[in-house]
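Note sheet for the following structure.
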Amino acid sequence: QVQLVESGGGLVQAGGSLRLSCAASGGTLITYNMGWFRQAPGKERDFVAAINWSGSTTFYQDSVKGRFTISRDDAKNTMYLQLNSLKPEDTAVYCCAAVPKSPRYYYTAKSPASYSFWGQGTQVTVSS
């Protein structure tokens, strides 16, 4: 069973950047599809970005396209989310998630229910 730990969150001014990391243990990430989700206070968990097991396919929420970039380094067993041009509305707890690779993933990548393993999250706060 894979365990996920996020890091890299913090407080940043609008327009700034952060790089989130999701480090995995207890399993080899190459066999997992991965995703990032975020949850702001009082709101539901929202899809942010996802990447398939080989890194060949990525998905993004429309509001982050062109600003956020998801990537993975399987040699380091780590997934990343580069956040650029941050806005106050990006403020949330960001969580990474993993699910064993499956052909169905390409239809379900944006759904939190599709993922089996979750990290605890890292807080991102963007000030105006």
Side-chain angles (χ1 to χ4, degrees):
Q1 180 167 325
V2 65
Q3 291 86 43
L4 304 173
V5 178
E6 302 92 338
S7 62
L11 173 64
V12 63
Q13 289 187 332
S17 298
L18 287 172
R19 188 193 196 199
L20 307 184
S21 298
C22 173
S25 61
T28 304
L29 273 189
I30 189 67
T31 62
Y32 290 86
N33 297 314
M34 307 286 294
W36 286 98
F37 292 80
R38 65 186 181 186
Q39 188 166 18
K43 295 187 177 181
E44 294 185 352
R45 181 175 288 176
D46 285 338
F47 168 76
V48 178
I51 188 166
N52 75 330
W53 66 275
S54 68
S56 63
T57 302
T58 57
F59 307 86
Y60 292 96
Q61 183 195 103
D62 287 346
S63 67
V64 308
K65 284 181 180 177
R67 299 190 298 123
F68 293 5
T69 303
I70 190 171
S71 63
R72 59 191 300 160
D73 185 339
D74 293 324
K76 296 182 178 180
N77 234 25
T78 302
M79 177 181 65
Y80 303 98
L81 186 67
Q82 179 68 41
L83 291 67
N84 295 330
S85 302
L86 282 160
K87 304 175 181 179
E89 52 263 43
D90 294 319
T91 295
V93 174
Y94 284 70
C95 295
C96 62
V99 61
K101 62 180 182 179
S102 162
R104 293 182 303 165
Y105 181 70
Y106 301 96
Y107 306 99
T108 62
K110 300 180 180 181
S111 170
S114 301
Y115 293 84
S116 305
F117 306 102
W118 291 84
Q120 293 298 310
T122 184
Q123 177 71 46
V124 172
T125 303
V126 185
S127 63
S128 58

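No side-chain heavy atom of Lys87 sits less than 4.5 Å from a side-chain heavy atom of Val126. With a 4.5 Å cut-off on side-chain heavy atoms, Val124 and Leu20 count as touching. Side-chain atoms of Asp90 and Phe68, non-hydrogen and from C-beta on, do get closer than 4.5 Å to each other. In this structure the side chain of Phe117 reaches within 4.5 angstrom of the side chain of Tyr32, judged on heavy atoms. The shortest distance between side-chain heavy atoms of Ser114 and Val99 does not fall below 4.5 Å. For the pair Trp118/Arg45, a side-chain contact is recorded, criterion being any heavy-atom separation below 4.5 Å from C-beta on. Between Asn84 and Gln82 there is a side-chain heavy-atom pair separated by less than 4.5 Å.
Between Leu81 atom CG and Met34 atom CE the span is 11.5 Å, to the nearest 0.5 Å. If you take CG on Asn33 and CZ on Arg72, they are separated by 7.0 Å, rounding to the nearest 0.5 Å. To the nearest 0.5 Å, atom OH of residue Tyr80 and atom CD1 of residue Ile51 are 11.5 Å apart. Here Ser128 contributes atom OG and Glu89 contributes atom CD; the two are 10.0 Å apart, rounded to the nearest 0.5 Å. Atom SG of Cys95 is separated from atom CD of Gln120 by 7.5 Å, given to the nearest 0.5 angstrom. Taking OH from Tyr60 and CZ from Phe47, the interatomic distance works out to 9.0 Å, rounded to the nearest 0.5 Å.
Of the possible polar contacts, one joining the Asn52 side chain to the Gly55 backbone as a donor-acceptor pair under 3.5 Å is found. Side-chain N or O atoms of Thr28 include none that pairs as donor or acceptor with a backbone N or O of Ile30 at under 3.5 Å. Side-chain atoms of Asn77 come within 3.5 Å of backbone N or O of Leu29 as a donor-acceptor pair. Listed for the Ser111 side chain is no donor-acceptor partner under 3.5 Å among the backbone atoms of Thr108. No donor-acceptor pair under 3.5 Å is formed between the side chain of Tyr105 and the backbone N or O of Pro100. Without hydrogens or angle criteria, Thr78 side chain to Lys76 main chain gives a donor-acceptor distance under 3.5 Å.
Just one residue in the list Gln39, Gln123, Arg38, Glu6 forms a side chain to side chain donor-acceptor pair (under 3.5 Å) with Tyr94, and that residue is Arg38.
Linking Ile, Leu, Val, Met, Phe, Trp and Tyr whenever their side-chain heavy atoms come within less than 4.5 Å puts Val12 and Trp36 in one cluster.
Checked against the 6.0 Å centroid criterion, the rings of Phe37 and Tyr115 qualify as a close aromatic pair.
Between Ala24 and Leu4 the shortest heavy-atom distance is CB-CD2, 3.8 Å.
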